[in-house]
Amino acid sequence: MRGWMGKFRSLFLFGTLALILSGCGKDNLSALKPKGYSSELILDLMLISIAIMIFVFVIVMAIYAFVLVRYRQKKDDEDIIPKQVEGNKALEVIWTVIPIILLLVLAVPTVQATFDLADRSTQDDDGVLTVEVTGNQYWWHFNYKGEEISSSQELYIPTGERVYLDMKASDVLHSFWLPSIAGKMDTLPGENINTMYLEAYEEGVYWGHCTELCGPSHSLMDFRVVAVSQDEFEQLKEDFRNIDPEAKPETDSAVEGQKTFNNKCMSCHAIGNAPMGVGPNLSNFANRERIAGILEPTKENLVSWITNPDEHKPGNKMPANLVDEQQAEEIADYLLQLDHTDVGEDAPTQSEE
Amino acid sequence: MSTAAAQKSGFLATIWDYLTTVDHKKIAQLYLYTGGFFFLVGGVEAMLIRIQLMKPDNDFLSAGLYNEMITMHGTTMIFLAAMPLIFALMNAVVPLQIGARDVAFPFLNSLGFWLFFFGGVLLNVSWFTGGAPDAGWTNYAPLSTTSPGHGVDYYVMGLQISGAGTLIAGINFLVTIVNMRAPGMTYMRMPLFTWSTFVTSALILFAFPALTVGLFLMMFDRMFGSAFFDVALGGNVIIWEHLFWIFGHPEVYILILPLFGAFSDIFSTFSKKRLFGYSAMVFATVLIGFLGFMVWAHHMFTVGMGPIANSIFAVATMAIAVPTGIKIFNWLFTMWGGQIRMTAAMLWSVAFIPSFTIGGMTGVMLAAAAADYQYHDTYFVVGHFHYVIVGGVAFGLFAGLHYWWPKMFGKILNEKLGKLAFWPFFIGFHLTFFIQHFLGLMGMPRRYWVFLDGQGLNTGNLISTIGAFLMAIGTIIFLINIVYTAFKEPKVGGDPWNGRTLEWAIPSPPPHYNFAQTPLVRGLDPLWVEKMDGKKGMTPSEPLGDIHMPNGSILPFMMSLGMFIAGFGFIYQIDSSSWLIAVFIGMGITLGSMLTRSLKDDLGHHIHKEELERDIKKGAGK
């Protein structure tokens, strides 16, 4: 029983509601199956509001049904003229005051939760991780502040502690939404930094979406957040710091791919620790859940993506036909062996069917 | 009757008559036809969206086209369908309800319509000239300022021109209701539809200028190289969001309040009772209008305003539930103890109560700022605002059209077909939108061109699409009903519903001058008061005499046409400065027409006493 509403959850209505709603959606994606501090806090607030609303709705519908059944005009009553009632002061007061009370019941936890979710009191403490998040058309970049590592598309966080996100956008508005762990926050271009925090309870791979219309491929700007244990996270930092972008691959094809990649792709992409480029950082590519956030991680898909990215993500900035089919296959071989860490490989990702 | 029309004849004369008319009843028809047409356009766009989202990874529409579709669906439905259809009802009914012969500024009334008309046409021309606007109906910067092509330019010019028309119409109704009420029609005797029109007009007066300013800034950024929304040059993208929602939130009350008024009149008429808690209803309407200006930032909870601002706007938003709740209960108690006749108009009104209550409740849920971090920009929001806009505004328009159709056209819309249209629409509506609340919480953001397989969203989206088809069937039956009624239904008298308010005291459709003698109002529901006193009609407040009426004029049409032409000039002058010629020609036509209007005296005409006496003998002008 976590979350500040925990002690009330056993109340009948909340319990039933929570049970019904938890049947909705996929694990690690649905806001109705919270796996983190913020999402649980928010679900509790939703349950309070839903309970109040159902209470009101039942009353309205009871009066409604009674009125419609009881006061329908009967066949021979067409000449009856009902009493022309002006109103009723007592009733008016009742249906003004009771809603005000109900709204106050909702307003108090709303304000509490709003301030709770905006809390940044521990951000500057020692050992607290802040990740700088940048939304781009149509990918996400994550720079782990003070750690000298960065990643794109997949954000790694330790479980059981608050991780702060300092967020902005490089082009148009985006919005970072991770329903099963936290809510969402917009990312804005310019100097404005928005901050939110994530606190995941369980290890897992969580699905995130962009939720602010950002162009044709807005719906394809998915990302993942991989929550791992704190020990594993330390290991990950170590592994990421040690990435050697020049490491020689094992197969000939991959070696060729590396050459082509370094010639043609490195102006936008990076491998290993590097400042954010025009395109995503490709560290640990072999362990990605998805290519470009959306495609199954097969070689075939990767080749298709490299030769014609616009077919998969309309309007994205990667040029088509930069390399030929042969080169694309070699690059794919190279990228798919970029296995930089074992961390997160066994994290559960129940959202798959 | 304008003298020009009298000289021509036949079809062309009718066209000319409508182009030049300043009669509020004919302008109501123009609003109805244009708004109805755009409603169908927006409906087709909605169907295409739902077909695209029928199954995962669908490729029925391309990504770019899909964004154009959602943008135009929203923009069309709000600005070009709902607003004009509401103005159709206001124009048809409000002058009659207050016992006036026309609105305060008949010429402006016509100008307001033609500006709206040409603005709407301009916006839709974009489909044929290389792409419609694609940045959402909210048109957030910098996506909009950097959108390639001319789509967003059409959005800016189209809405600017039609927005000017709306502002003019709003001012006109304010002045009309303040100045043109018949003797005895005090504020607290006005029917609720008139009251809500009054409050709505005030909202238009204060809300639309914010949109105008926003659109001008956007226009300068896109067409003349300014940088209000360009962060690289020190601009700020959030300013657009504030300006848009300072307009946009009152806009949703602009849409719903008149229909609250219509429902009030309908519940009262078909329950044969006066409105329960009339003064509370008036007070609630004014309060909703007032609070409507205090809550715009609840559309921006996730923008990073901080917990203090978010909390204030959350609580302010929740407060609106109180006056809205007052209204719901007063409607229920209006029916309580009445004699309810379930006509088609009443059916739509009765269906409105649970539908809108659900929409209002999800509104309160959305107001809880912290919870909105999950709801925001997901299908939960889509579900919510369709519950209030379809369940409130669309149901209200159907109800209002059924109710006032005999007053506008002299015939009752076929009741059987009316109810037949209702059921598929009603069932389809709940099927389409209820599930969307869950889709949102299950992880489906709004404005998604495709959703991926394997996220548990397939069934919900399919159900939603099936519902949309049912709504389309309902709409088609309603259209069939209009045609059927026009050809098959008999004419009815002036008061087919046993009405209570002044519009039912005169023939259907009313004569050009509405009231041969201005009526004397002796209480709330003035016609009902007279009926209870055993009288057949209203007591006149003046002797029969000549009536002064305004002349028709082509000038409003010409002024708007000029703006339309200049609009193209503004849009394309970025490509080539030779398009500036269009700006000069267009503005020349507009300013020339204004000059003509200023210099040429038009004193109107008189309808003579003898003519009125002839009409009265034929049964008019009671």
Side-chain angles (χ1 to χ4, degrees), chain A residues 24-26 29-32 42 45-46 49 53 57 60-61 63-64 67 71-73 77 80-85 87 92 95-96 99-100 103 106-107 110-111 113-115 117-118 172-173 175 179 183-186 188-190 194 209 211-219 294 314 352-353, chain B residues 63-64 67 136 140 142-143 146 231 237 272-274 276-277 280 302-304 306-307 310-311 314-315 318 321-322 325-326 328-329 332 335-342 350 353-354 357 361 364-365 368-371 373-374 376-378 438 441-443 445 447-450 452 454-456:
Chain A
C24 290
K26 294 271 174 191
L29 171 63
S30 172
L32 299 169
I42 292 174
L45 186 59
M46 284 182 194
S49 61
M53 294 307 133
F57 189 68
V60 169
M61 283 301 102
I63 301 174
Y64 179 78
V67 164
Y71 296 110
R72 281 287 285 274
Q73 189 169 63
D77 292 353
I80 292 182
I81 292 174
K83 192 165 169 244
Q84 303 290 308
V85 187
E92 297 280 1
W95 61 57
T96 308
I100 290 177
L103 288 175
L106 181 59
T110 295
V111 173
T114 306
F115 275 86
L117 293 178
V172 300
L173 302 175
S175 189
K184 66 177 71 65
M185 184 73 99
D186 295 358
L188 316 176
N194 280 339
H209 290 303
T211 47
E212 187 62 69
L213 182 63
C214 57
S217 286
H218 164 53
S219 57
I294 45 170
E352 304 296 331
E353 266 180 323
Chain B
N67 283 359
Y140 278 6
L143 186 65
T146 55
V231 287
V237 293
K272 259 199 204 174
K273 269 183 71 197
R274 64 173 277 164
F276 191 89
T302 65
V303 111
N310 279 1
S311 299
V315 176
M318 289 178 188
V322 176
I326 291 175
I328 296 275
F329 284 112
L332 289 176
M335 292 190 280
W336 187 294
Q339 291 281 325
I340 299 173
R341 272 181 296 160
M342 209 49 93
V350 162
I353 288 189
T357 305
M361 294 189 320
V364 175
M365 291 171 69
Y373 300 160
Q374 291 285 25
H376 184 76
D377 268 349
T378 69
F438 293 91
L441 290 172
M442 283 154 66
R447 292 167 169 171
Y448 259 30
W449 162 53
V450 289
L452 303 180
Q455 300 192 46

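Chain identifiers are assigned alphabetically (A, B, ...) following the order of the sequence lines, protein sequences preceding nucleic acid strands; residue numbering begins at 1 within each chain.
- The NE2 atom of B:His376 sits 6.5 Å away from the NZ atom of A:Lys184 when rounded to the nearest 0.5 Å.
- Distance check: B:Met342 CE to A:Gln73 CD gives 11.0 Å after rounding to the nearest 0.5 Å.
- Nearest heavy atoms, A:Leu103 versus B:Ala321: CD1-CB, 4.0 Å.
- The candidate with the highest count of non-hydrogen atom pairs below 4.5 Å against chain B, out of A:Ile294, A:Val172, A:Ile100, A:Thr96, is A:Val172.
- Using a 4.5 Å cut-off between heavy atoms, A:Glu92 contacts chain B through its side chain alone, with no backbone atom that close.
- Put simply, OG on A:Ser30 and CD on B:Gln374 are 8.5 Å apart, with the number rounded to the nearest 0.5 Å.
- Per-residue heavy-atom pair counts under 4.5 Å with chain A were compared for B:Val231, B:Leu143, B:Val237, and the maximum is reached by B:Leu143.
- Considering every non-hydrogen atom in both B:Ala369 and A:Thr114, the closest pair reads CB-OG1, 3.7 Å.
- The distance from atom NE2 of A:His209 to atom CG of B:Asp377, rounded to the nearest 0.5 Å, is 13.0 Å.
- Residues that satisfy the side-chain hydrogen bond (donor to acceptor under 3.5 Å, both in side chains) test with B:Asn310, not counting sequence neighbours, are B:Tyr373.
- Only the side chain of B:Ala314 comes within contact range of chain A, with at least one heavy atom under 4.5 Å from a heavy atom of that chain.
- Nearest approach of A:Ile42 to B:Ala371, heavy atoms of both residues: CG2-CA, 3.6 Å.
- Heavy atoms of A:Leu32 lying under 4.5 Å from chain B belong to its backbone as well as its side chain.
- The contact between A:Leu173 and chain B is made by backbone and side chain atoms together, counting heavy-atom distances below 4.5 Å.
- Interface residue B:Val303: backbone and side-chain heavy atoms are both found under 4.5 Å from chain A.
- Both the backbone and the side chain of B:Phe276 come within less than 4.5 Å of a heavy atom of chain A.
- Contact record, B:Met442 with A:Leu29: O-CG, 3.6 Å, taken as the closest heavy-atom pair.
- Side-chain contact between B:Ile340 and A:Val67 is present, with at least one heavy-atom pair separated by less than 4.5 Å.
- Proximity of B:Tyr140 to A:Leu213: side-chain heavy atoms (C-beta onward) are nowhere separated by under 4.5 Å.
- A distance-only check finds no donor-acceptor pair linking the side chain of A:Asp186 to the backbone of B:Gly304 [under 3.5 Å].
- For B:Val450, the parts sitting under 4.5 Å from any heavy atom of chain A are the backbone and the side chain alike.
- Looking at A:Pro189, the atoms closer than 4.5 Å to chain B (heavy atoms on both sides) sit in the backbone and in the side chain alike.
- For B:Leu452, the part sitting under 4.5 Å from any heavy atom of chain A is the side chain, from C-beta outward, and nothing else.
- At a 4.5 Å heavy-atom cutoff, the contact between A:Asn194 and chain B is made by side-chain atoms alone.
- A parallel orientation is assigned to the rings of A:Trp95 and B:Phe329, their planes being inclined by less than 30° (bins at 30° and 60°).
- Side-chain contact between A:Phe115 and B:Ser311: present, with at least one pair of heavy atoms (C-beta onward) separated by less than 4.5 Å.
- In terms of heavy-atom pairs under 4.5 Å with chain B, the best-connected choice from A:Pro179, A:Ser217, A:Ser175, A:Ala118 is A:Pro179.
- Aromatic ring pairs are classed by plane angle as parallel below 30°, tilted from 30° to 60° and perpendicular above 60°; the pair B:Tyr448 and A:His218 is perpendicular.
- Between A:Phe57 and B:Met361, the shortest heavy-atom distance links the atoms CB-SD, 3.6 Å.
- With values rounded to the nearest 0.5 angstrom, A:Lys26 atom NZ is found 9.5 Å from B:Gln455 atom CD.
- B:Ala370 and A:Thr110 make their closest contact through CB-O, 4.4 Å (heavy atoms, listed as atom of the first residue, atom of the second, distance).
- Taking CG of A:Leu106 as the start and CE of B:Met318 as the end, the distance is 4.0 Å to the nearest 0.5 Å.
- When each of A:Leu188, A:Ile80, A:Leu117 is scored by its heavy-atom pairs under 4.5 Å with chain B, the top score falls to A:Ile80.
- In this structure, chain B has heavy atoms under 4.5 Å from both the backbone and the side chain of A:Met185.
- Looking at B:Ile328, the atoms closer than 4.5 Å to chain A (heavy atoms on both sides) all sit in the side chain, from C-beta outward.
- Residues passing the ring-ring contact (aromatic ring centres under 6.0 Å, His included) test with A:Tyr64: none are found, sequence neighbours excluded.
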